[in-house]
Structures are given as structure tokens and as C-alpha cells.
Trainee: 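Here it is: the structure, laid out below.
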Amino acid sequence: MARGDLVALAVAPDGKAGVSVPETGWVVSAEEIAAADAELRPRWATWSQESAARLAARGVRLATCWDVAAVHRLQSGGFRADPGWAWAHVKGLPLDGIPTRGPGELFGPADDDLGDEAVGPAGYLNAEWADGGWADSPARMVRWAQLALEAARIQHSKPGRDAVGEATVRSESGIELLCAELAHDGLPVSRAAAEGLLADIIGPRPRTAAEAAHARAVRDERVLRHAPAGITADLRSPLQVKSLLKAAGMDVPDTRAWRLEQFRDASPLVAALLEWRKAERIATTYGYGWLDTFLGPDGRLRGEWTGSDGAAGRMTASAGLHNMPAVLRRAVLAEDGHVFVRADLGQIEPRVLAAVSGDRALVAATAADDLYRPVAEQLSVDRPTAKVAMIAAMYGQTTGHGGQAARRMKAAYPVAMGYLDDADRRAQAGRDLRTYGGRLVRMSGGTGTGTEPAARVAGRGRYGRNAMIQGAAAELFKMWAVTVRARGAALDARIVLCLHDELLVHVPERAAGDAEKLVGDCLAETVRRWAPGSRVRFLADIAIVRCWADAKATGGTDTVTGSIGGQEGA
DNA sequence: TGCGGCTATTG
DNA sequence: CACAATAGCCGCAG
């Protein structure tokens, strides 16, 4: 067995692992997996994040893997990637024939029970095995691991991948290891700080249901006392709020905050309502219940992580980790003797557009720290207009008054705009897309009726246009993240949060400086791999902080990376 | 009880 | 207010 060789691995709920090379198989302990990983450093072929999660629970972190589910999502699109589904894809089997365990089979063996055969006569995986039965015996565990390896080999043999595609397959797999660790480790959150913030915003923790109801009523009353005499409303009902506003002389089509903002100064009712909404949001979604559910006694906030969603392939997280109100970041504090290295990519989407389209003029613009400056100059407009025009092009905005800027954008950056328009047209026509790194974005479902509403077609076009950028940006980001994970291990630097273009790394204080440099170096390494030979420049703002909220306020080290002409050092 | 609509938060 | 996501509550259908 050599470094990087594929080795089959399937970890059971009890931590025992089926391993195969594949001529020979063993069942070994998590500790033995850890030792083998350290000594031989194979690329473990696994079915999904599940194996890594079970190892992480036992303190074992693998260096690399080939994750069949992650690679399936990349190569074939969609989110579904269970073994039975991925297997049918790699084997080219009809998808409507995949066996399932019906409710009737829960109480006894099915008529077509396959017993100890992992693969049935039609070539599908045994549904009972796939449902967890694979862990029922040592022989099954080894066999199940071997099948993951077989699936991985077929995925590996798929034609049409360039070097970037190969690297993307590896990083998409590695991200699953990171996801398992993010879920296990959690985000450091100070309970005392969090409860202090909540007390300021929504009041002290209620002791009884009656106290909670009273606090709610008090909050409501602060709004309703501004209502016209005799008028009341359930503030949680948009319909009733609309009526309330009408009674107060304001006729609005809906009650969204941005629409009510114009009345804030003139109407104490609206001002109170907008404040109420902010507090209510925190009370219901990010209040004491949220802390009780997701913040462990060890001061770690835990959610589930996925390496790629069903659309363009961004990472997702539950437990509010990706949409926590900014004010609560003040409770995200490094543990004693530790600090955070916080790093975020600057203007990643237009820079990615330059890279994937190869537009020479836009590539040239990425040389600037602020890309929108040269773009504004090129278009002869001010910076805000240039930014809006660029974002409009990437998101497919059709409304508003960006006509002139859009025309100039097309003239100045014809290759980049053509790239986006092409994706838009393909998506509108229901043709599948493939991102820069090779992710299939399925567009073919639900089209072809011929009577499809124009709004739906246009929406699909915008979706496809954006998926090419958002998806490629996600691929770059994940490659950076797995590189930081790998290189940071030696410093005990652990990624504790991924936020689309931002990394939060928890690191012992003594290694802070090294980790800060490492995160920047990893970006340079990633860009060389992700955009070889490109002159596109990527930037990361990197700072050492004790509290997540401090990062932007203090203004971190402005680290500049990328900018590789040719194959320097390569 | 399930689901679409509305709303809010994040990138 | 365009692209993506998670998530809670309301109102309605079954």
C-alpha cells in the first residue's frame, strides 16, 4: 500500500471499521485506522461523511479520502447521494429500479430477501444492507467497504476531467472530512456572553411559561400603544399588521422591513414595529431555546454540516451557524489560551468570474485591491454604479435602471458577459450546466411543456447564470478550506466555521502568527492549483482576534495573495 | 398535520 | 432587490 492509494473504509456505529485493499479485508478499531492513516496515508474510499463522523467522535481525523457521495453530487448533480443511488449511477442502472425497504419489510424478510448478497441479481445494492445492515457482521463490513472502493474506482475512471477537475474531486471529498469535524467540534461560544447579549435584547431568561407569555405581551404592547385608538393586531400575522398600518394611514403591498423603512421617521408605530421585529427574530430563532438546543456544556455550538447543497455546491450548516445575527458574534470567543484567525476572501465572485471566463480585461481589473475601481473607470461611471452593474450581471437583475451601465459592461468585458449570457440561455432552454470545477448543475427537470410561464423560464436563466459563479466560488473556497485543514493540523489549528467566503480558525495562542501566515500561504497554494497559469488575483483579509465580532472592526492585516504569472515555483 | 406564503438573517 | 441558504410563525387544506 502506498501513500495516496485508494483503500476501502466503512466505519460502523460502534467505531469498528471494515477495511479492504481490496484483495484482503479486515475489521479494525478506530485507533488502528488512525495509526494506518498516520503511517501509510492512503486515500480512504468511503460511502459518505458518516464514516468520518464516527471516527471524529472517537478523536480520529483522516488525512484524505474519496467520498463517493460527494463525488457523486459533483459528477451527477442533485443532493441525493445515498449508496444505493450513487451505485446505480456508477453502474448505469435504471434509477427507477433501485430497491427500497418498504414498510411491510420492517416486520420480516421481504419476498426477494437477498440474505448475505450485497449486490442483487439486477446489479443493485441490497436495500437491507444499505439501510444499515452492512454493519451486522465483520464479513459484511469488509464487503461494504469494498463496494465503496469499487464505486470510487468507477467514479475515478470517468473521462473528461482536467487537472482542476481532479483537484476538485479531491477537495470536495476532503470537505466531507471537515464537515464531520465541524459538526463534532462545534463553534466556541461563551454561554455567559451569549446570555448577556440576549438579556439586553429580549430580557432575562423566563423561568415559567407565564413569565415568557408576560414578557411577550410587554414587547407587543410597546408597539401597540402607538396604534390608533381601539385598533389592535397580532404582530406575528403579516395580514393583521397590514391592516394595522392601513388604519394608521399607510397603505403598503406587504410589510417587509425595507418597505416600512420609509415610514420609520414619520411613524412611531412603524419605528416600534421594526424594533419589535428585530427582537422577535432573536427571541424566536436565536433566543434561550436556541442556546439550550445547540450550545453544549463545553461551550461549543453544534450543527450539522453538508459539503455541498443541492444547487451550486455551497456548504450549508444548520443550527443558525450560517445566518446568526451579526450582533451575536460578540459571543463567539476563543477558548483560554487560544485565538481565532479570521480570514475572508475579498470580492470573490467577480474575481472568480474573471478566472472562469478568462476575460482579459476583467482579469486585468483583478490586479487592483478594489476591483470595482478599475471597472468603474472602464465604464466611466462611479464605483457604486459599477458594483451594481457587475452584481446585476452575475445575478441576472432585469429590473431597475442599469441599462446604460449594462451596455458598457458588455462592451468592456465581452468574454465575461458572454460567459454569463451563455449560461443563462442554456439554463432557460433546460440544458444542464457544468461549473468550472466540473459540478453538474441540473436544469433539465420540469421543462418542456411548451406552455411554461415566461417568468419561470427567466428565473431559471438567472439561477443558471449565478450557479456558474457561486458554484465555482464554492469550489475555490472549499479547496482553500481543505488546504488549511491539512496544513493547519501541525499547528493544532482547527477550522471551526466556514461561511461561504470566510474561514474562522481556532488556534493555540502561541501558534497564532504561524497560523495567520499559513492561511494566506494556503490561499496562494490553492490559487495555483485552482487557476493554474491564470493572472487573476485573489485577496484575503486575515486577522488574529479573540472574538469573531472584533475582526472587521479592528481592521486586520490586509494580506494579498494570488497573482501568479505562469508557473512560478511549480 | 403538512405545506405554501411571509418574514428575517447570513454570504 | 436580483442569486443562494436555514428557520420560525401564520393561515389554510385535509
Trainee: Whole angstroms only, please: what is the NZ-C1' distance between Lys278(A) and dT9(B)?
Mentor: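 So the NZ-C1' distance, Lys278(A) to dT9(B), works out to 9 Å.
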
Trainee: Between dA2(C), dA7(C), dG11(B), spot the one nearest the side chain of Arg329(A), thanks.
Mentor: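 From the listed options, dG11(B) comes nearest.
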
Trainee: Does a side-chain N or O from Ser237(A) land closer than 4.0 Å to OP1 or OP2 of dG11(C), or not?
Mentor: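 For dG11(C), OP1/OP2 do have a side-chain N/O of Ser237(A) under 4.0 Å.
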
Trainee: Of the nucleotides dA2(C), dA5(C), dA8(B), which one has an atom closest to the side chain of Arg462(A)?
Mentor: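 So the side chain of Arg462(A) is nearest to dA2(C).
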
Trainee: Over 60° means perpendicular and under 30° means parallel, so classify the ring planes of Phe538(A) and Trp530(A), tilted if in between.
Mentor: perpendicular

Trainee: Measure CZ/Arg277(A) against C1'/dT7(B) and give the value in whole Å, please.
Mentor: 6 Å

Trainee: Does any donor atom in the side chain of Asp432(A) or Ser444(A) lie under 3.5 Å from an acceptor atom in the other side chain?
Mentor: yes

Trainee: Out of dA5(C), dC1(C), dC3(C), which nucleotide sits closest to the side chain of Thr316(A)?
Mentor: dA5(C)

Trainee: Between dC9(C), dC1(C), dA8(B), spot the one nearest the side chain of Arg236(A), thanks.
Mentor: dC9(C)

Trainee: Which listed nucleotide (dT9(B), dG11(C), dG8(C)) is nearest to the side chain of Pro325(A)?
Mentor: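 Selected nucleotide (nearest to the side chain): dT9(B).
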
Trainee: Just to confirm, is there a sub-4.0 Å distance from OP1 or OP2 of dG11(C) to any side-chain nitrogen or oxygen of Gln240(A)?
Mentor: yes

Trainee: If you check the Arg314(A) side chain, which of dC3(C), dA8(B), dA4(C) turns out closest?
Mentor: dA4(C)

Trainee: From the options dT9(B), dC9(C), dG11(C), select the nucleotide whose nearest atom is closest to the side chain of Asn323(A).
Mentor: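 Nucleotide nearest to Asn323(A)'s side chain: dT9(B).
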
Trainee: What's the separation between atom CZ in Arg408(A) and atom OG1 in Thr385(A), rounded to the nearest 0.5 Å?
Mentor: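 With rounding to 0.5 Å, CZ (Arg408(A)) is 10.0 Å from OG1 (Thr385(A)).
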
Trainee: Any base atoms under 4.0 Å from Met324(A), or only sugar-phosphate, or nothing? Heavy atoms, all strands.
Mentor: sugar-phosphate

Trainee: From the options dC6(B), dG11(B), dG8(C), select the nucleotide whose nearest atom is closest to the side chain of Arg256(A).
Mentor: dC6(B)

Trainee: Given dT7(B), dG11(B), dC10(C), identify the nucleotide with an atom nearest to the side chain of Asp234(A).
Mentor: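 It is dC10(C).
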
